[in-house]
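Chain A is the first sequence line, chain B the second, and so forth, proteins listed ahead of strands; every chain is numbered from 1. Every heavy atom of this structure was used, including side-chain atoms; hydrogens, water molecules and symmetry mates were not.
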Amino acid sequence: MTVRTRFAPSPTGYLHIGGVRTALFCWLYARRFKGTFVLRIEDTDRERSTGEAIQQILDGMKWVGLDHDEGPFYQTQRFDRYKAVLESMLDQGTAYRCYCSKDELEQMRTAQTARGEKPRYDGRCRNRTSAPAGAPFVVRFKNPLDGEIVVEDVVHGPVVFKNAELDDLIIARSDGTPTYNFCVVVDDMDMRITHVIRGDDHLNNTPRQMNMLIALQSPPPVYAHLPMILGSDGAKLSKRHGAVSVLQYRDEGFLPEALLNYLVRLGWSHGDQEIFSRQQMLELFDIVDVNKSASAFNGEKLAWLNQQHIMRAQPARIVEPLKWHLQQLGVTADSDAQLELIVLAQRERAKTIKEMAANSVFFFKAPAAYDEKAVRKHVNAEIVALLRELSGRLSTLTPWSAEAIHESINAFAVQMGQSLGKLAQPIRLAVTGGAVSPPIDATLAILGQQQALARIAAACDAWSA
RNA sequence: GCUCCCUUCGUCUAGUGGCCUAGGACAUUGCCCUCUCAAGGCAAGUACACGAGUUCGAAUCUCGUAGGGAGCGCCA
């Protein structure tokens, strides 16, 4: 039997972290076992589903690189099929028409709640023989009255439900449209899904779905209910901490591989290993290693992982996103070769590509001003004189490489009886305007001889005035 | 309220009866390295929710308690 998994978001909002984690586990499991990953859009709620949300989900999935083999399938395009299954269930007596009004149901529920019972449908239309002519009705699934149904969940182990606890759920509304739990069952059956991997907020739906599958004489799939992801405060994920569109992480300068690495470690681990490439996740992931408890989202660890991935990536990999972030800051960079050098120089001092871009603007724009506090600390007349002299030497330096620059400055410092630090900081101020940058030799090398010398000269002039 | 699920450092986790005076990672603090900032290295503090039981021995098994979460819609 080949593995078939599915990710089935409902397009009522953007694709967020929780959704991506679910998708990731489905995708990983399918890929790991050479199976098929199906994407299905659950858009039966026409009120809340939007085309924009669908596009967002597709874009998000694409960005993180979770590619599907089949789909996307849309439930709204399968209504005929649902209708057919509905009819056959009615015919076979595994479903029945219920004529109870919403008011009647509401009364029933309040009465039950008042008695301290779980609100549920009491099955009063279950054995109805006469149908009120022309009255509106819903269709309910005829759930078994007694016995037990056990969900053999891969992450939770066996979970037992008494059928008596389950009521007859509505599978078609009075307007004839099918409801979620029913569509899921028909879809999973039709799409021959072998492993249903989803959030554990669905665990309570599972026994009903299994009962329907049994009624349809279709063997239930394997279930794996994933623990939830909580916000950083331990409460439900909200916009404050993570429940934003996954695409926002792209815009904040995160690498998709870092995000996936972070997410895969929420509820899953492989010994003490923290950093996983996409390839390693694929080789090591198994749903049976997933743990049961919910986990809190931690942005700091995500940021750390992001930096780790930035540092490990081929510099060329970072060039495109870096360009994009620079563009956002009004800088157009065209030399990929130079950008690769910038990545090399900056990657251990930026947690995100956005931050890297912000730290790198000076390579493209001469400083408009100099950090006053730093100038006071590092610059005086003597230093300016030294810089002018050093500048003269650097003007004849060839090749203009980091090594050569380092040697030249070092030799000059020794000759003048100065420490390298005494000289490096003022040079840094002159060329960047601030007190922080990559090593001064690399910084000057990337800047280019002409630009570096021009900036030093300009600074000396400014500081002499 | 009822049903179901969950419970190891602040956070993510290792751990499946003796290797645990509980390991790793993020974060925090200190030190080292050092031209700045980082990165890196080293070190420190911090956890088995609680209570019974089983056992020679329990973070690991059982039961109870507490706390947290989910579900109980003509939403998905």
(request) Figure out the CG/C1' separation between Asn410(A) and U34(B), and round it to whole Å. (result) 13 Å
(message) Starting the side chain at C-beta, find the nucleotide from C5(B), A76(B), A38(B) nearest to Glu348(A).
(response) A38(B)
(message) Using the side chain to side chain contact (heavy atoms under 4.5 Å, CB included) criterion, which residues pair with Ala111(A)? Sequence neighbours excluded.
(response) Arg115(A)
(message) What does the B/S/- profile of nucleotides 7-15 of chain B look like, 5' to 3', with a 4.0 Å heavy-atom cutoff to protein?
(response) S---SBSS-
(message) By the 4.0 Å heavy-atom rule, please label Asp441(A) as base, sugar-phosphate, or nothing.
(response) base
(message) By the 4.0 Å heavy-atom rule, please label Asp43(A) as base, sugar-phosphate, or nothing.
(response) nothing
(request) Please evaluate the base of C72(B) for a donor-acceptor partner in the side chain of Arg120(A) within a cut-off of under 3.5 Å? (result) no
(request) Determine the Euclidean distance between corresponding C1' atoms of A70(B) and C74(B); express it in Å to zero decimal places. (result) 22 Å
(message) Would you measure the distance from the C1' atom in C9(B) across to the matching atom in C2(B) and give it in whole Å?
(response) 36 Å
(request) For A44(B) and C6(B), measure between their P atoms and round to the nearest Å. (result) 36 Å
(message) Please give the distance between the C1' atoms of U16(B) and C61(B) as a whole number of Å.
(response) 10 Å
(request) Could you check whether Lys377(A) gets within reach of a base, just the sugar-phosphate, or nothing at all, counting any heavy atom under 4.0 Å? (result) nothing
(message) Nearest to the Phe161(A) side chain among A76(B), A38(B), C4(B), which nucleotide is it?
(response) C4(B)
(message) Using the P atom as the point on both nucleotides, what is the distance between A59(B) and C50(B), in whole Å?
(response) 11 Å
(message) Just so I know, are the side chains of Phe161(A) and Thr206(A) near enough to count as touching, which here means a heavy-atom distance under 4.5 Å?
(response) no
(message) Go nucleotide by nucleotide along RNA chain B from the 5' end; which of Ala442(A) and Pro178(A) gets its closest nucleotide reached first?
(response) Ala442(A)
(request) Return the nearest nucleotide to the side chain of Asp200(A); candidates are A76(B), C5(B), A39(B). (result) C5(B)
(request) Could you check which of A39(B), U36(B), A76(B) has an atom nearest any side-chain atom of Thr44(A)? (result) A76(B)
For a quick test of your reading: what N or O donor-acceptor pairs under 3.5 Å do the side chains of residues 341-350 of chain A make, sequence neighbours left out?
unit_1	atom_1	unit_2	atom_2	d
Gln346(A)	NE2	Asn359(A)	O	3.1
Gln346(A)	NE2	Ser360(A)	OG	3.1
Arg347(A)	NH1	Met311(A)	O	3.2
Arg349(A)	NH1	Ala345(A)	O	2.7

(message) What's the gap between A39(B) and C32(B) when it is taken at their C1' atoms, as a whole Å value?
(response) 14 Å
(message) From CZ of Arg428(A) over to C1' of A38(B), roughly how many Å is that when rounded to an integer?
(response) 11 Å
(message) Pairing donors with acceptors under 3.5 angstrom, does anything connect the side chains of Asn205(A) and Tyr180(A)?
(response) no
(request) Identify whether any heavy atom of Pro207(A) sits under 4.0 Å from a base atom; if not, whether one sits that close to sugar-phosphate; answer base, sugar-phosphate or nothing. (result) nothing
(request) Determine whether the aromatic ring centres of Trp268(A) and Phe25(A) lie less than 6.0 Å apart. (result) no
(request) Please measure how far the P atom in C19(B) lies from the corresponding atom in U60(B), and state the result in whole Å. (result) 13 Å
(request) May I ask you to verify if any side-chain N or O of His156(A) is less than 4.0 angstrom from the OP1 or OP2 atom of C6(B)? (result) yes
(message) Distance check, C1' atoms only: G73(B) and U65(B), in whole angstrom units.
(response) 34 Å
(request) With side chain to side chain donor-acceptor pair (under 3.5 Å) as the test, would you mind laying out the steps for Asn306(A) and Thr352(A) before giving the verdict? (result) CA-CA 7 Å; Asn306(A) 197 47; Thr352(A) 66; 5.4 Å; no
(message) Between Glu257(A) and Arg317(A), does any side-chain N to carboxylate O distance fall below 4.0 Å?
(response) yes
(request) Take atom NZ of Lys142(A) as the centre, draw a 6.0 Å sphere, and report whether it contains more than 12 heavy atoms from other residues, nucleotides or ligands. (result) yes
(message) The side chain of Trp304(A) is closest to which nucleotide in this list: A38(B), G1(B), A25(B)?
(response) A25(B)
(message) A quick test of your reading: do over 12 heavy atoms of other residues, nucleotides or ligands sit less than 6.0 Å from CD of Glu52(A)?
(response) no
(request) Report the nucleotide, chosen from A38(B), A39(B), C35(B), that has the shortest atom-to-atom distance to any side-chain atom of Arg349(A). (result) A38(B)
(request) Select one nucleotide: of C35(B), A76(B), G40(B), the one nearest the side-chain heavy atoms of Pro439(A). (result) C35(B)
